[in-house]
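Working notes, structure below.
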Amino acid sequence: MRDAGNSKDDPRDTGKDTAPGTPSPTDFIRAIINEHMKTGKYEGRVNTRFPPEPNGYLHIGHAKSICLNFGVAADYNGICNLRFDDTNPSKEDQEYIDSIIEDVHWLGFDWDDRMYFASDYFEKLYEFAEQLIRKGTAYVCDLSAEETRAYRGTLTEPGKESPYRNRSVEENLDLFRRMRAGEFPDGARVLRARIDMASPNLNMRDPIIYRILRSTHHRTGDDWCLYPMYDYAHPVSDSLERITHSICTLEFEDHRPLYDWFLEQLDIYRSQQIEFARLNLSYTMMSKRRLLELVQLGIVSGWDDPRMPTIAGLRRRGYTPEAIRKFCDRIGIAKNDSMVDMDLLEHHIREDLNERSPRVMAVLRPLMVTIENYPEGKTDEFEIPFHPGNPGMGSRKVPFTRTLYIEQDDFQENPQDKFFRLAPGREVRLRGAYFITCTGVGKDVKTGEITSLKCTYDPATRGGDSPDGRKVKGTLHWVSAAHAIPAEVRLYDRLFSVENIGAEAERTGKDYKDFLNPASLVIVTGSMVEPSLKGASPEDRYQFERQGYFCLDSKDSTGHALVFNRTVTLRDSWAKIEKASVSPGKAPGGKARDKKPQAAEKAAPEKLPEIAIDDFARLDLRVGVVREAGLVEGSDKLVHLRVDVGEGRLRQIFAGIRAMYPDPAKLIGKKVVVVANLKPRAMKFGTSEGMILAGGHADSWSICTFEGDPEPGDKVS
RNA sequence: UGGGAUGUCGUCUAAUGGCAGGACACGAGAUUUUGGAUCUCGUUAUGGUGGUUCGAAUCCACCCGUCCCAGCCA
């Protein structure tokens, strides 16, 4: 079932989704290649390469580069090599090589027999280095790391030449050979290119070519105690592979003169480096160093944690390679620093999964329903199609009995405005089964919590349609209690609660980890899924009707303990209505994405950043009349208020004002200022639907009140 | 403040001297046995100031903003 169906034809598709030889609309890189095709610069040849360093798992940013490199090659009937840039054994590992191979393949790309390693070229790289020495354009330098830094100068001042810069060719050769032979300790000497210590480009100030580093290499073992630097190894590797277009990210722009310098000095094949802007995605980050840290600190379960932006994480989360490829295609290639909206990635996975996922019913948080007029012991079976728009996907039988589960959220005892679902006396449809009407509510005598529902069904509505043409506004998913399979469901959400983690960290002086989304994973146990899911295999993808796309977890799910991961929610216009007219600005998006309650700012008032008048104007301040007020059990700070803000219903507000109002009953009847468009906040004790304003000193303050005229709901200005 | 890049709807990206287009997001409506999907419609942009030109997002000048570079990392 998984991976069934094809993606729709889209002229923008590249790579595997497009026949070779039909270039996509020209991004600037393809424009350059088109020009080369015209002028014959590379004899019509295109050979790119994807050059990861095996020091971490691949992420969605790498996917952009992979799609670009393999896509460009495919567009021009060229080839793309996979090459591991493994010149720093102290950070690299075989595990990463294996994962990279798996991930690139999974994305749908292949390199035939062209899997290379920079370490394959160590001997040649060494010989070329001797050649540079013989030419007099490289020398052995004995400066320490600190001295080298001091000699380099600064951004605005030129560097100083190393005292070792003018050693003879013979001495340099001798020293370099002895470096290779292991005669000197780590860091004692380096080989440097002899270029220009006064260059405004720091990369040209006699850059280091080789350093002594005793570290066992994952491929060459202890053969070498000398490892080449990226700036040297990369152009030479490209050249040896006769790469035509060496595509890399923007930060290497400054390195291009050096790249060209090596190829020219060595007089070898002239590959051309072209730089494009790396991918940044909102609400996540691509830094391998930080991603590694999340893994090492146990903040996530591993590189393949479904919250990680890694290919492995996305795969485990339920993403498809097609969706990722299409996303990469859609974001385009340019040189502007940019931050792509996570919504766009989610759009593509929804689009793909919408087409290919079978629909099933799963009740995440069950509420028991007894159909009182349905015979005990009877079982009905409904044949329900797997896909409403694609009969070809077939159908399954779903059992129906007197005792069912529906979603807790699908019932409200006192339904709020625009709530279409079940409520006392109200009739709704059970998907594919019958209309039912709620006739009773069972509650826990102590807590008042709703524990079960009594309903009746209309036998004439079998299949979900009424012969008399009567309509219902809501359709609910359900499972038969006797047949349902228990499951654990992991609700994943974005890893961070701010769009631009780096910028936010810089602005506030906090660590990026301070912006982790506390609700990035919500584990729901005791969910009930329909029996057809019994045979699900790891990574099988489904739509749980009305909730989202889910896949069976590839690691933790077993035959008798099913674990599902939520890939992405369905678009949810009900969630929008629920939070409508609240949260100013852009909410972190989607369902159940409440921000962590904001801690009170302790900073002195003059230190708070200024806001524009427009920001202030976004506060909807209203007059509210306190109708009910009481203490909150289990909290020594909060007071529970029910406030009339002229909406025809009372708002529940939890306010931290108990210190000044130990007897909240005195507040009843007071006119207060309510921030009416604050996003409702889920608290331990319930949802708080606003704030009331207060003012004063640290231990002497009061809430703002009005006397006299204003009516509940009046605007405060 | 040296050097290298880069500024087009809220976001990403086209237009290469000739109608500022697309996608996402957002909004309105239709439809619906998923508050899904689908369909229709809509709002929103060339950083600024001058100049060249019949005509400028595009060419020129100046200004402003943003990003990258001082690893023996890649």
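Because only heavy atoms are used, hydrogens play no part in the values below, and waters and symmetry mates are left out as well, while side chains stay in. Below, chain A is the first sequence line, B the second, and so on; all start at residue 1.
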Whole-Å gap separating [atom2] ([N]) and [atom1] ([X]):
X	N	atom1	atom2	value
A:I32	B:U16	CD1	P	17 Å
A:I349	B:C24	CD1	C1'	16 Å
A:R359	B:U34	CZ	P	11 Å
A:N500	B:G10	CG	P	18 Å
A:F420	B:U34	CZ	C1'	13 Å
A:R30	B:A14	CZ	P	11 Å
A:F327	B:U13	CZ	C1'	13 Å
A:W478	B:U34	CH2	P	15 Å

Using a heavy-atom cut-off of 4.0 Å across all strands, would you classify [X] as base, sugar-phosphate, or nothing?
X	result
A:K288	nothing
A:P388	base
A:R429	base

What about the rings of [X] and [Y], do their centers lie closer together than 6.0 Å?
X	Y	value
A:F176	A:Y210	yes
A:Y283	A:F496	no
A:F262	A:H234	no

Side chains of [X] and [Y], donor plus acceptor under 3.5 Å:
X	Y	answer
A:N69	A:S65	yes
A:Y259	A:Q273	no
A:Y542	A:E530	no

Within less than 4.0 Å of OP1 or OP2 of [N], is there a side-chain N or O belonging to [X]?
X	N	answer
A:R546	B:G35	yes
A:R350	B:G36	no
A:K335	B:G4	no
A:T156	B:G3	no

Sub-3.5 Å pairs of nitrogen or oxygen atoms, protein against nucleotides 7-9 of chain B:
unit_1, atom_1, unit_2, atom_2, d
B:G7, OP1, A:N336, OD1, 3.1
B:G7, O5', A:N336, OD1, 3.0

Each nucleotide of nucleotides 67-74 of chain B classed B (base within 4.0 Å of a protein heavy atom), S (only sugar-phosphate) or -, in 5' to 3' order, makes SBBBSBSB

Between [X] and [Y] (salt bridge meaning N to carboxylate O under 4.0 Å), is one present in this structure?
X	Y	value
A:K335	A:E253	yes
A:D352	A:K326	no
A:D120	A:R83	no
A:E545	A:R431	yes

Nearest-nucleotide check on RNA chain B, A:R256 vs A:M339; residue mapping nearer the 5' end is A:R256

Original post:
Starting at the 5' end of RNA chain B and moving along, which residue's nearest nucleotide shows up first, A:G474 or A:E157?
Top reply: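 The residue whose closest nucleotide sits nearer the 5' end is A:E157.
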
Expressed as a whole number of Å, how far does the [atom1] atom of [N] sit from that of [M]?
N	M	atom1	result
B:G22	B:A61	C1'	34 Å
B:A70	B:U8	C1'	34 Å
B:U13	B:G7	C1'	14 Å
B:U52	B:U58	P	15 Å
B:A57	B:A20	P	8 Å
B:A30	B:G35	C1'	15 Å
B:C19	B:G55	P	15 Å
B:G21	B:A14	C1'	7 Å

- Query: Is any side-chain N or O of A:R421 under 3.5 Å from a base N or O of B:G35, one able to act as donor and the other as acceptor?
  - Reply: yes

message = Once hydrogens and angles are ignored, does a donor-acceptor distance under 3.5 Å link the base of B:U34 to the side chain of A:Q547?
response = no

Item checked: Neighbour count above 12 (heavy atom, 6.0 Å) for A:K160 NZ -> no

Using a 6.0 Å cut-off, check whether atom CZ of A:R396 has over 12 heavy atoms from anything other than its own residue. yes

**Message:** Please check this pair: side chain of A:D196 against backbone of A:R205, looking for a donor-acceptor N/O pair closer than 3.5 Å.
**Reply:**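 No: the side chain of A:D196 does not pair with the backbone of A:R205.
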
Does the A:E407 side chain pair with the main chain of A:L364, one donor and one acceptor, at a distance under 3.5 Å?
yes

Encoded 5' to 3' (Watson-Crick or G-U under 3.5 Å; [ ] crossing; | other strand), RNA chain B becomes .((((((..((((....[..)))).(((((.......)))))....(((((..]....))))))))))).....

Closest of B:C26, B:U34, B:G35 to the A:W574 side chain is B:G35

Would B:G71 be called syn or anti, given that syn covers angles within 90° of 0?
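Base orientation relative to the sugar is syn.
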
